[in-house]
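This chain uses plain numbering: 1 for the first residue, then up along the sequence. Given the structure is predicted, the values throughout are model-derived calculations rather than measurements.
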Amino acid sequence: MGTWSYIKGVLVATWSGTRHFFRHRITLRYPDQKQDLEGQGYRYDARQGVGLPGFKGRHILRFEKCTGCQLCAIACDGVAVAIDMQKVEKGKPQNKKEIWPAVDYGRCVPSGTPVMTSNGIVPIEQIKVGDKVLTHKGNLKSVTKTFQRQFTGKMFTFKTLGNSDKLSVTEGHPVLAYSGGTARWVDPSVIRYKTYLTRPIITEVKEVPALSYDYELYHPTGRGGYFTVEVVSLQFTHELGRLVGYYLSEGSCDRYQVSFSIDADEEALRDDIARCVMAVFNEGVDLRPDARQNGLKVVVESARAAGFFKQFEAMQGKALPPWGLTLPTGLQSEIIRAAYWGDGYCSKRRSYRHPTHSSFFAIRTASKDLATQYTYLLSRLGILSSINITRQRAREPCFSVAVHSPYLEKMGELIEVAAVNSPLQPCSSIKMTDDMVVSPVVEISVRDVVEERVYNLEVQDDNSYVASNISVHNCVFCGLCVDACPFDALDMTNDYELAAYDKMGLKYTPDMLAVPPKLEGKKYKVKFDTEKGVVTYD
């Protein structure tokens with residue numbers, strides 16, 4: 001190297017350093033400084049190896065860095081299933097395959113979809129930020145954000161065996177399927193007849209030392225009367241658990257009394273109800289014959305008792321209050337036992353080989369929500385059940401929560417009825433693992449919808465919720481694809497206001513992902529070319 005070349009290099013380096021010395025620093029002194037993003041920002045848990053919910057931002061793709069290695073799609077495959085590789089001729093030498101990532105941002109379920117929450121079974125459109133929903137891991141986690149939009153595209157509907165509800169999801173919305181001993185998120189388009197879908201077994205347990213509630217007490221006076229509101233609390237005991245089960249199966253109440261309708265010859269049931277009422281409320285019972293059904297009404301004349309059982313009445317029939325699904329299993333056993341004694345039955349299949357084998361146990365109810373809650377309680381007790389619907393002319397449908405082999409013996413022990421698993425029914429198509437119930441798809445339908453309102457949730461930590469008793473992903477922007485990219489070709493931006501009039505507007509092609517993010521504080525007009533699949537900002 002000549003002298004002049006050396007001096008020139010020193011001068012250029014000195015000038016470059018001097019010129020940038022007076023400019024504003026564009027990098028951050030991490031970890032003392034962190035980027036100020038919308039919401040919680042992108043977070044990555046290195047110990048668990050998973051991305052955590054962040055801001056609702058879209059990705060940005062840098063064509064000059066992407067090599068088409070597909071690592072981003074592989075990372076997303078078992079999580080949100082939102083990235084696929086598309087063939088686009090760009091003439092970039094580092095990407096010989098000429099395949100680039102595309103991201104699908106549109107995943108939702110229609111209005112009316114029942115979601116399992118800490119407040120019971122609630123339509124998805126009624127869920128608010130802060131509510132707790134059941135996740136695919138059996139936890140109750142908080143909703144951090146809700147979404148709704150008009151959807152145009154394909155809607156997939158699935159019905160699983162033993163489930164009273166059907167699940168409808170927009171195309172591309174991941175559903176948790178089970179195969180080969182493992183569960184993974186799959187696109188609804190790959191779900192087929194007899195594909196196993198899942199629902200969790202609730203793992204959260206909360207001790208309930210006392211239940212507080214209020215009731216109205218009437219005070220008569222000379223020319224009328226007045227009401228006062230009394231607040232009381234009850235210790236949740238085994239006797240109270242049985243009363244809850246009796247009420248769910250045979251009870252009714254008004255402001256001043258509670259009534260249990262049983263058969264006149266059910267003396268053991270009558271005596272147990274009387275014992276439990278005395279132990280819990282310190283009240284006696286009245287026995288009133290019911291001539292119409294040759295039955296008997298066990299009546300508790302107590303406004304305090306009526307005030308407690310009022311919380312079991314819902315718009316769609318009876319249902320357990322929010323605390324019912326997370327009670328300790330010992331107390332839940334009492335509820336199931338009394339519910340069976342009140343309105344259960346046992347069907348026996350007699351044959352010359354096995355004349356005493358029970359075919360199934362069942363608990364009947366007119367409430368679909370209550371039947372669903374029974375299945376969750378039974379699964380926590382290690383008993384697999386399914387829901388059968390009986391429809392009768394001019395009458396409300398009846399829901400039967402049925403237990404078959406190989407769970408008959410365990411159910412028999414719970415309800416104190418002798419039972420033997422039948423070798424003629426060694427197993428059921430519905431199966432149960434340590435943490436979930438898996439059931440095969442028995443019905444599939446696909447329809448095209450136009451501007452149908454759909455909803456989605458963002459859920460803390462587990463990034464999922466249970467809709468129509470099936471685990472679905474909430475499609476949070478976890479950022480795993482960003483961490484998987486070795487060349488920093490894919491990144492996440494704070495361009496978080498994504499919206500479109502149809503499904504195609506939320507499928508971002510590689511060209512759309514390459515558009516730089518909007519600048520904060522500046523207003524834009526968004527142009528979307530459906531033919532070229534390109535979005536631009538003016």
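In terms of heavy-atom proximity, Ser429 sits nearest to Pro440 at O-CD, 3.5 Å. Here the closest non-hydrogen pair linking Met116 and Asn469 is CE-OD1, 4.4 Å. Nearest heavy atoms, Gly138 versus Pro200: N-CB, 3.6 Å. Here the closest non-hydrogen pair linking Gln86 and Pro510 is OE1-CD, 3.3 Å. Between Gly68 and Lys97, the closest heavy-atom pair is O-CD, 4.2 Å. Taking both residues in full, the closest heavy atoms of Ser142 and Gly130 are given as OG-O, 4.3 Å, listed atom of the first, atom of the second, then distance.
Between Gln126 and Tyr455, the closest side-chain pair of non-hydrogen atoms is not below 4.5 Å. Val420 places a side-chain heavy atom less than 4.5 Å from the side chain of Glu409. Annotation: side chain of Phe308 is in contact with side chain of Leu240 (closest heavy-atom distance under 4.5 Å). Inter-residue side-chain proximity for Met432 and Tyr407 is flagged as met; some heavy-atom pair is nearer than 4.5 Å.
Using the six-membered ring where Trp is involved, Tyr465 and His173 have ring planes that are perpendicular, over 60° apart on the 30 and 60° scheme. The aromatic rings of Phe361 and Tyr340 sit perpendicular to each other, their planes meeting at more than 60°, with 30° as the lower class boundary. Taking the six-membered ring for Trp and thresholds of 30 and 60 degrees, Phe309 and Phe312 have ring planes inclined between 30 and 60 degrees apart.
Counted by atom type alone, Thr144 and Glu458 present one or more donor-acceptor pairs between their side chains at under 3.5 Å. A donor-acceptor contact closer than 3.5 angstrom links the side chains of Asp187 and Ser189. His136 and Ser464 form a side-chain donor-acceptor contact under 3.5 Å, judged by distance and modelled atom types alone. If you check the side chains of Glu313 and Tyr247, you find a donor sitting under 3.5 Å from an acceptor. Defined by atom type and a distance below 3.5 Å, a donor-acceptor pair is present between the side-chain atoms of Asn139 and Thr203.
Screening residues 364-373 for side chain to side chain donor-acceptor pair (under 3.5 Å), with sequence neighbours left out, gives Asp165-Lys368.
The side-chain contact (heavy atoms from CB on, under 4.5 Å) search around Lys166 returns Thr157, Lys159, Glu443, not counting sequence neighbours. Residues meeting the side-chain contact (heavy atoms from CB on, under 4.5 Å) test with Thr146, sequence neighbours left out: Val129, Val143, Leu457.
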Thr390 vs Asn388, test: side-chain hydrogen bond (donor to acceptor under 3.5 Å, both in side chains). Steps then yes/no.
CA-CA 7 Å; Thr390 303; Asn388 301 319; over 6 Å; no
